[in-house]
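All remarks here apply to the structure that follows.
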Amino acid sequence: MAVFTPVSDDQARTFLRDYDLGDLVALHPIAEGVENTNFRLETVGARHVLTLFEARTDAASLPFCLGLTDHLAAQGFPAPRPVPGREGGWIGRLKGRPAAVIEWLEGAWLRHPSLDEVEVAGAMLARLHLAAAKFAGLRENPVGPVTWRALADRSATAATAEDREILDEAEALLLRLDDPFAGELPVGPIHADYFPDNVLFQSGAVSGVIDFYFGCNGPLAYDLAIALSAWGFDAHGVPMPDAVAAFRRGYETLRPLTDAEAAALSRLGEAAALRFTLTRLHDRIFHDPTKLVTPKDPAAFLRRASWWRTYSAAGPSMVSGAS
């Protein structure tokens with residue numbers, strides 16, 4: 001359950017004095033996500049999301065993240081617009097944390113999407129990249145190679161048993177990949193966390209793309225590799241080649257990859273596997289049992305790396321038969 005910081009109705013009412021949203025009707029915890037505290041905020045005649053940003057979210061990055069969603073929404077992309085307060089800013093403070101009110105988007109994420117829905121999700125990621133191209137904000141990747149090294153070093157101070165074995169494999173991958181983003185790869189604003197639980201569907205169509213708080217500037221193909229790693233494998237890290245092919249096919253209907261991107265995709269897939277292995281490993285080793293969040297299995301992401309090493313750089317029609 002993604003509630004690290006409880007908020008009472010009275011505290012919410014005090015916070016809402018800075019907004020033109022009407023009186024509070026109800027405040028419900030949202031049991032999704034593992035980074036920030038989220039509530040469904042109901043006021044008279046409206047529904048929004050109230051988010052309190054926890055330690056991993058750098059407050060200085062919020063203008064980029066919220067600005068990107070606002071930019072996308074202004075172009076008709078289904079991203080939630082942040083709600084400005086009476087003084088015009090998007091970011092307030094609640095319980096000692098940065099907090100924001102975000103537009104509520106209807107729909108639900110799909111736990112078992114069909115191949116058609118996976119393809120639709122791929123096309124929507126391409127649409128995101130195209131719509132974000134003129135966004136002027138700049139943010140360095142908050143979980144890039146420098147952070148991978150730091151996560152591995154800290155994990156090494158306490159890893160034992162299975163966690164130590166995972167860390168040893170991750171260390172070997174760190175050494176082998178070096179800088180996986182080298183080369184002439186198109187860059188721009190990316191989501192960097194385009195998992196199924198951040199893509200809402202309604203009646204077979206994407207109704208919302210949410211949670212841009214890892215958003216940054218980076219290689220567009222790396223964003224695709226993260227998404228393929230999320231949509232193209234089951235919960236245990238077993239590859240689903242038809243889903244990989246469907247997502248990539250959907251993406252390339254709107255934004256075909258350059259030759260350099262296609263050639264780099266295998267390497268970028270390994271990088272995506274490494275990134276989520278290390279964050280999940282770190283979070284499991286240093287898990288605070290008082291927080292109502294169950295750590296995710298880092299081994300499930302590490303398993304993706306070996307598959308990515310054999311991934312073909314061929315186009316979507318060629319990939320569907322991969323194993």
Side-chain angles (χ1 to χ4, degrees), residues 1-7 11-12 15 18 27 29-41 48-73 79-85 89-105 109 128 132 135 137-148 150-151 154 189-195 197-199 208-218 222-223 226 230 272 275-276 278-288 290-296:
M1 185 174 180
V3 177
F4 302 92
T5 304
V7 174
Q11 289 166 335
F15 180 77
D18 293 332
L27 190 68
I30 298 175
E32 302 285 355
V34 296
E35 298 295 336
N36 298 308
T37 294
N38 297 287
F39 296 90
R40 187 175 77 239
L41 174 69
H48 294 84
V49 176
L50 170 63
T51 298
L52 281 71
F53 300 100
E54 303 292 347
R56 184 174 278 174
T57 302
D58 177 16
S61 71
L62 293 177
F64 175 95
C65 301
L66 298 176
L68 178 56
T69 62
D70 192 64
H71 170 87
L72 290 169
R81 299 197 90 148
V83 178
W90 289 325
I91 305 162
R93 293 203 61 89
L94 178 58
K95 297 293 289 285
R97 288 156 174 75
V101 177
I102 311 295
E103 180 185 10
W104 178 274
L105 298 180
W109 72 275
L128 187 160
F135 178 61
L138 295 173
R139 184 194 186 194
E140 186 177 347
N141 188 342
V143 198
V146 172
T147 302
W148 303 345
L151 288 168
R154 183 158 191 256
I190 62 176
H191 187 284
D193 198 27
Y194 195 86
F195 278 59
D197 58 351
N198 287 328
V199 181
V209 177
I210 62 174
D211 201 352
F212 282 75
Y213 302 115
F214 286 112
C216 58
N217 298 94
Y222 176 58
D223 210 17
I226 290 174
R275 174 261 192 260
F276 287 96
L278 286 171
T279 52
R280 292 180 179 196
L281 179 64
H282 177 275
D283 289 353
R284 185 165 77 175
I285 292 172
F286 298 102
H287 174 59
D288 182 350
T290 67
K291 303 298 184 184
L292 300 177
V293 175
T294 301
K296 296 182 179 179

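Everything numeric here is computed off the predicted structure, so don't read it as measured data.
Taking 4.5 Å as the limit, some side-chain heavy atom of L62 sits within range of a side-chain heavy atom of F53. Side-chain contact between R81 and T69: absent, with no pair of heavy atoms (C-beta onward) separated by less than 4.5 Å. Using a 4.5 Å heavy-atom threshold, the side chains of L66 and I102 count as touching. Counting only heavy atoms from C-beta outward, the side chains of I285 and R154 never approach each other to under 4.5 Å. A 4.5 Å side-chain heavy-atom check between W90 and V83 finds every atom pair outside the cut-off. In this structure the side chain of I91 never reaches within 4.5 angstrom of the side chain of P82, judged on heavy atoms. Residues V49 and V101 fail the side-chain proximity criterion, which asks for heavy atoms closer than 4.5 Å. A 4.5 Å side-chain heavy-atom check between F214 and N141 finds every atom pair outside the cut-off.
Judged by distance alone, the side chains of N36 and T51 never bring a donor and an acceptor atom under 3.5 Å apart.
The one candidate from L41, N38, L50 that meets the side chain to side chain contact (heavy atoms under 4.5 Å, CB included) condition with I30 is N38.
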Item to check | Intermediate values then yes/no, side-chain contact (heavy atoms from CB on, under 4.5 Å), D193 and F212 | outcome: CA-CA 7 Å; D193 198 27; F212 282 75; over 6 Å; no
Item to check | CA sep, side-chain torsions, deciding dist, call: L72, L128, side-chain contact (heavy atoms from CB on, under 4.5 Å) | outcome: CA-CA 7 Å; L72 290 169; L128 187 160; 4.2 Å; yes
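Residues forming a ring-ring contact (aromatic ring centres under 6.0 Å, His included) with H48 (at least two apart in sequence, or on another chain): none. Under the side-chain contact (heavy atoms from CB on, under 4.5 Å) criterion, A12 pairs with V7, L24, L27, sequence neighbours left out. The ring-ring contact (aromatic ring centres under 6.0 Å, His included) search around F276 returns F195, F301, not counting sequence neighbours.
Residue Y213 holds its OH atom at 7.5 Å from SG of C65, rounded to the nearest 0.5 Å. Remark: D70 CG to E103 CD distance equals 10.0 Å, nearest 0.5 Å. To the nearest 0.5 Å, atoms CG (L94) and CZ (F15) are separated by 5.5 Å. To the nearest 0.5 Å, atom CZ of residue R280 and atom NZ of residue K296 are 5.0 Å apart.
For the pair R97 and F4, the cation-pi test (distance below 6.0 Å, angle within 45°) is failed.
Ring geometry for F286 against H282 counts as tilted: the plane angle lies between 30° and 60°, on a 0 to 90° scale.
Here F64 and F135 bring their ring centres to under 6.0 angstrom of each other.
Within 6.0 Å of atom CD in E140, 12 or fewer heavy atoms from other residues, nucleotides or ligands are found, so the atom counts as exposed in its surroundings.
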